[in-house]
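Notes follow the structure.
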2 protein chains.
Amino acid sequence: MPLAPAIDTEFEDIFFTPRQEAVLECALGLLVEGGEKALTTAGLARTANCSKESLYKWFGDRDGLLAAVVAYQASKVHFPPESGATADAETFRTHLIAFATELLAVLFGETSVALNRLSIGQSNRDDNRLGRLLLVRGKHMISAKARALLEAGRHRNYLKFDDAEEAYQVLYGLAVRDVHIRLLLGETASAAERDLEGQARDAVQRFYSLFGA
Amino acid sequence: MPLAPAIDTEFEDIFFTPRQEAVLECALGLLVEGGEKALTTAGLARTANCSKESLYKWFGDRDGLLAAVVAYQASKVHFPPESGATADAETFRTHLIAFATELLAVLFGETSVALNRLSIGQSNRDDNRLGRLLLVRGKHMISAKARALLEAGRHRNYLKFDDAEEAYQVLYGLAVRDVHIRLLLGETASAAERDLEGQARDAVQRFYSLFGA
DNA sequence: TTGTCTTTGTACCGTACGGTACGGTTCGTA
DNA sequence: TACGAACCGTACCGTACGGTACAAAGACAA
């Protein structure tokens, strides 16, 4: 009987020392500013005042460094303990809007954009660690949180749907539309698109038209 | 009175000889297979049986080559002459579904994914030609076509909305959801997501719930 | 103080790749 | 046949960058 394969356990319980976190923060800054090509080992060592030898000792090689940057950023998102019970219909809707707003704020943030660009640029390599990392530590986490929220709404008869994942995807599409890909391609968002709360409100409005009880 | 700036006229009327098109097709193949790093001048010259000197003569430098690949692929999409008048409500809805299906087919195609990955990876360079090219020759074209279609539907009282661009974005979100970004990140689409027509049908169904007259 | 460990800064190496030069070949034209 | 243009294949150059080695400096325990 073969052992259960321990896929995707990489970077599971990784922990970085404060010094390493400072260096990774520097790396994030370089990435945000100039993209992948701006993140050279020599450049990072210079701006972070550390030695290349330390970089290679800590992260193995450049790929390990990139993966560490992604893992470090993912480790920064903390999940609030589900914001208590959803009291009534109105506050539940408020929670939905808040969730959508936060989703947009994360996706449109410059660090998220930079890391998405990095992972997408690397996504056609053999193993594709970065893409998997970003998906499993980012999108799938958010998706799980959203499903829990939506199912709570269904349980209280605020919403009506069969598949929570499908409902979440519709909410995602209504909120994000093509703005994310346009940001990734370098277009700057319009004024209306920068009003995250307004966008989220419209999206939830339409979501209720489709899935409201 | 300043002259109107001729922005984005680059690659406006560009034309490639058959030989150049064959080489660009080879470049596309390399891109699809191995991403940006796989498209080296030497490698392209080898697989396309041409000389590096010709590459530099035709395209200037490597950046010009990349831009030419994007422009070439964009030049391949032809717009059917709006498929005649939208006879009745049912055929109009069919046209909408066909449009959404084609949109998904384009976005999820491997060449589109490869070019999006390329442009996104290059999007934090100084000028960002590739991203602008992809946006203006790809997304904006599709968007214009969609707006025309939607406004025809509104004119015949099949649909009801204020802003055609906004309506299109909702349709886009309903159809694409987060599948595009997940594909770009290297995740393979699920079986249901590969049923493009079914996805388009559901999206249009929901779109009519929101904007049907 | 001495010894050990970690880190820094610099210097160095090898290689991959962008870009150029050039001889040889094909092909169209007179 | 002669000529010129375009092109192919190969060889070459310069450089940027990943990765390694090493001397010097701080930190800390005995």
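Just so it is clear, the structure is predicted and the values come from calculations on it, not from any experiment. Below, chains carry the letters A, B, ... as their sequence lines are ordered, and counting in each starts from 1.
- B/Glu33 is linked by a side chain to side chain contact (heavy atoms under 4.5 Å, CB included) to nothing, counting only residues two or more places apart in sequence or in another chain.
- Distances were taken from every side-chain heavy atom of B/Thr40 (C-beta onward) to each of D/dT20, D/dC17, C/dG18; the shortest belongs to C/dG18.
- To the nearest 0.5 Å, the span separating CZ on A/Arg177 from CG on B/Leu174 amounts to 10.0 Å.
- When the P atom of D/dC17 is taken as reference, atom CG of A/Leu65 falls 15 Å away, rounded to whole Å.
- Applying the side-chain hydrogen bond (donor to acceptor under 3.5 Å, both in side chains) definition to pairs two or more places apart or across chains, those involving residues 55-67 of chain A are A/Glu36-A/Arg62, A/Asp63-A/Arg125.
- The shortest distance between the side-chain N/O atoms of A/Thr41 and the OP1/OP2 oxygens of D/dG18 is below 4.0 Å.
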Mind listing the N/O atom pairs, protein and nucleotides 3-5 of chain D, below 3.5 Å?
none

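- Rounded to an integer number of Å, the gap from CZ of B/Arg62 to C1' of D/dA16 is 14 Å.
- The side-chain heavy atoms of A/Glu193 and A/Glu187, taken from C-beta on, include no pair separated by under 4.5 Å.
- With sequence neighbours excluded, no residue satisfies side chain to side chain contact (heavy atoms under 4.5 Å, CB included) with B/Ala38.
- Counting to the nearest Å, the P atom of C/dG18 and the NZ atom of B/Lys37 are 10 Å from each other.
- Taking A/Phe211 as the reference, A/Phe207 meet the ring-ring contact (aromatic ring centres under 6.0 Å, His included) condition, with sequence neighbours excluded.
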All N/O pairs under 3.5 Å across the protein-nucleotides 7-14 of chain D interface:
unit_1	atom_1	unit_2	atom_2	d
D/dC8	OP1	B/Arg19	NE	2.9
D/dC8	OP1	B/Arg19	NH2	2.7
D/dC8	OP2	B/Ser51	N	3.4
D/dC8	OP2	B/Ser54	OG	3.0
D/dC8	N4	B/Glu53	OE1	3.4
D/dG9	O6	B/Glu53	OE1	3.4

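- Remark: B/Thr94 engages no residue in a side chain to side chain contact (heavy atoms under 4.5 Å, CB included) (not counting sequence neighbours).
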N/O donor-acceptor pairs under 3.5 Å from side chains in residues 20-31 of chain B, not counting sequence neighbours:
unit_1	atom_1	unit_2	atom_2	d
B/Gln20	OE1	B/Thr17	N	3.2
B/Glu25	OE1	B/Tyr72	OH	2.5
B/Glu25	OE2	B/Lys76	NZ	3.4

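- With sequence neighbours left out, A/Thr41 forms a side-chain hydrogen bond (donor to acceptor under 3.5 Å, both in side chains) with no residue at all.
- Take B/Ser123 and apply the side chain to side chain contact (heavy atoms under 4.5 Å, CB included) test, not counting sequence neighbours, and it matches A/Arg117, B/Asn128.
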(request) If a protein heavy atom is under 4.0 Å from the base, mark B; if only from the sugar-phosphate, S; if neither, -; do that for nucleotides 24-29 of chain C going 5' to 3'. (result) ------
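- Remark: C1' of D/dG18 and CG of A/Leu39 are 12 Å apart, rounded to the nearest angstrom.
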For residues 161-168 of chain A, dump all side-chain donor-acceptor pairs below 3.5 Å to protein atoms at least two apart in sequence or in another chain.
unit_1	atom_1	unit_2	atom_2	d
A/Asp163	OD1	A/Glu165	N	3.0
A/Glu165	OE1	A/Ser143	OG	3.2
A/Glu165	OE1	A/Arg147	NH1	2.9
A/Glu165	OE2	A/Gln169	NE2	3.1
A/Glu166	OE2	B/Arg206	NH2	2.8

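- Nucleotide D/dG18 holds its C1' atom 11 Å from the CG atom of A/Asp63, rounded to whole Å.
- Atom pair B/Asp61:CG and C/dG18:P shows a separation of 11 Å (rounding to whole Å applied).
- A/Tyr56 places its OH atom 17 Å from the C1' atom of C/dT7, with the value rounded to the nearest Å.
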